[in-house]
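For reference, the structure is listed below as structure tokens.
All heavy atoms count here, side chains included; hydrogens, waters and symmetry mates do not. Just so you know, ligand 1 is whichever comes first in the structure, and atom 1 is the first atom listed for that ligand.
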Amino acid sequence: MRINLIPSIEYIKEEEMEGKNVVVIDVLRATSVITTALYNGASEVVTAVEIDEALKYKDENTLLGGERRALKIDGFDFSNSPIEYSREAVFGKRIVLTTTNGTKAINKSMRAEKIFIGCMMNGKAAAKKIIEYDKDAFIVCAGTYGKFSLDDFICAGKIINDAVEEKDVQIDDFAAAALLSYRDNRDDVISYVKNAYHYKYLISIGLEDDIKYCFREDVFDVVPEYRNGSIRL
Ligand SMILES: O=C(O)[C@H](CS(=O)(=O)O)OP(=O)(O)O
Ligand SMILES: [Mg+2]
């Protein structure tokens, strides 16, 4: 089995995903939000690319979350801060999420056989999941505004590290670079991520706690999966 890394949305070739499994990563912060919400008992997460599309889902059992320029959208229940998606807030609720990068990366991965949601907090579980299926897989980094982003890259490195420790898999050179970056920086991943544009932007608007939250490793043993229009455990 082989794991290839797609470094950002602009590198996705949708036709290459046919018959492969995919782990989509947007560690800051969409896939960290999805994993947190489902772990805390949300019934499902539906992704919407546009704000108007998300608003159409609103009903008494549905909460809207997401961001534009990393800020809460008018009329929405949550921003894109995973810390807001507590058990008290989301248990039994459907969440509709629209974000700049992560929900687009999920949408562009629809042709894959299986679509899993990965982040630092469920990295080991996500690695085990792709190994369990023993099928060629892509790790898709959402990136920021379509471009490569260090935060997703090091998270991919963590998942690849966990996968190669589990099984002797082949990896492409992007995956090897991510693996080396993770291994060289695993003792202080946040110092590595400080070099990322997106880190600096989130810090500038006061979201340091979100970054610390998202870079905790293996605190959730669940792997959300997209199936038939929504993401569930
Ligand atoms: O909320 C986030 O962290 C980003 C927003 S942006 O890149 O600053 O516009 O969204 P995401 O889709 O989770 O990367
Ligand atoms: Mg992001």
Side-chain angles (χ1 to χ4, degrees), residues 5-12 22-39 42 45-51 53-54 63-85 90 95-110 115-123 126 139-159 178 181 189-190 192-216 220 224 226 231:
L5 173 63
I6 297 179
S8 76
I9 290 177
E10 67 180 356
Y11 288 84
I12 293 177
V22 161
V23 177
V24 180
I25 297 171
D26 183 358
V27 64
L28 295 176
R29 296 168 291 170
T31 60
S32 299
V33 164
I34 294 167
T35 305
T36 299
L38 291 170
Y39 179 82
V45 177
V46 175
T47 58
V49 171
E50 303 298 340
I51 294 171
E53 187 190 339
L63 298 169
L64 305 184
E67 55 67 42
R68 288 298 179 266
R69 291 298 297 158
L71 301 173
K72 188 172 171 180
I73 299 163
D74 278 351
F76 275 42
D77 300 286
F78 304 114
S79 74
N80 199 30
S81 168
I83 296 167
E84 293 174 16
Y85 295 73
V90 304
I95 308 294
V96 176
L97 189 70
T98 178
T99 76
T100 309
N101 309 291
T103 54
K104 290 194 182 112
I106 294 166
N107 251 43
K108 287 184 81 65
S109 301
M110 287 300 161
I115 305 165
F116 299 113
I117 301 300
C119 59
M120 293 301 272
M121 296 185 291
N122 75 346
I139 310 283
V140 175
C141 294
T144 303
Y145 299 113
K147 304 289 178 196
F148 176 83
S149 189
L150 286 174
D151 42 309
D152 292 332
F153 187 63
I154 192 116
C155 179
K158 185 254 184 303
I159 294 174
S181 291
V189 169
I190 289 188
Y192 176 88
V193 174
K194 277 182 181 159
N195 297 295
Y197 162 82
H198 192 41
Y199 172 94
K200 292 172 192 159
Y201 179 63
L202 292 180
I203 290 289
S204 76
I205 57 169
L207 293 174
E208 187 172 7
D209 287 349
D210 275 20
I211 295 168
K212 287 187 186 148
Y213 178 91
C214 292
F215 277 95
R216 297 170 308 142
F220 300 140
Y226 175 90
I231 304 167

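Here the options are Leu5, Val27, Val24, the test is side chain to side chain contact (heavy atoms under 4.5 Å, CB included), and the partner is Asp152; only Val27 passes. Checked against Arg68 for a side-chain hydrogen bond (donor to acceptor under 3.5 Å, both in side chains), the options Asn80, Thr100, Thr99, Thr98 give a single hit: Thr98.
For Asn195, the CG atom sits in a packed shell: over 12 heavy atoms of surrounding residues, nucleotides or ligands are nearer than 6.0 Å. For Phe78, the CZ atom sits in a packed shell: over 12 heavy atoms of surrounding residues, nucleotides or ligands are nearer than 6.0 Å.
Of all atoms in ligand 1, listed by their number and element, those nearer than 4.0 Å to a heavy atom of Ala30 are 13 (O). Below 4.0 Å from some heavy atom of Asn80 lie the following atoms of ligand 1, by number and element: 1 (O), 2 (C), 3 (O), 10 (O), 11 (P), 13 (O). Within ligand 1, counting atoms from 1 as listed, the ones closer than 4.0 Å to a heavy atom of Tyr201 are 8 (O).
Here's the thing with Gly102: one of its N/O atoms is less than 3.5 angstrom from an N/O atom of ligand 1. Looking at ligand 1, you'll find an N or O of Tyr145 within less than 3.5 Å of one of its N or O atoms. In terms of polar-atom proximity, Gly143 is not counted as a contact of ligand 1, lacking any N or O under 3.5 Å from an N or O of the ligand. Considering backbone and side-chain N/O atoms, Thr103 never comes within less than 3.5 Å of an N/O atom of ligand 1. Between Thr100 and ligand 1, at least one N/O pair is under 3.5 Å apart. Considering backbone and side-chain N/O of Arg68, none are found under 3.5 Å from N/O of ligand 1.
Distance check for Leu28 against the Mg ion (ligand 2): an N/O/S atom falls below 2.8 Å. The Mg ion (ligand 2) lies at 2.8 Å or more from every N, O or S atom belonging to Asp152.
At a cut-off of 3.5 Å, with distance as the only test, a side-chain donor of Thr144 or Ser149 sits close to an acceptor on the other residue. For the residue pair Thr36/Tyr213, the side-chain donor-acceptor check at 3.5 Å is satisfied.
With contacts defined as side-chain heavy-atom distances shorter than 4.5 Å, the pair Leu28/Tyr201 does not qualify. In this structure, the side chains of Tyr199 and Asp151 stay at 4.5 Å or more apart for every pair of heavy atoms.
One finds the CG atom of Asn122 at 8.5 Å from the OG atom of Ser32 (value rounded to the nearest 0.5 Å).
Scanning the protein heavy atoms around atom 7 (O) of ligand 1, the nearest turns out to be Asn101 ND2, 2.9 Å. In terms of protein heavy-atom proximity, atom 5 (C) of ligand 1 is nearest to Glu67 OE1, 3.1 Å. Annotation: atom 8 (O) of ligand 1 to nearest protein heavy atom, His198 CE1, 3.0 Å.
Both the backbone and the side chain of Arg29 come within contact range of ligand 1, each with a heavy atom under 4.0 Å. At a heavy-atom cutoff of 4.0 Å, ligand 1 is contacted by the side chain of Asp26 but not by its backbone.
At least one donor-acceptor pair closer than 3.5 Å links the side chain of Asp77 to the backbone N or O of Leu64.
Closest N/O/S atom of Asp26 to the Mg ion (ligand 2): OD1.
Shown here for Phe153 and Ser181, the closest heavy-atom pair between the two residues is CE2-OG, 3.5 Å.
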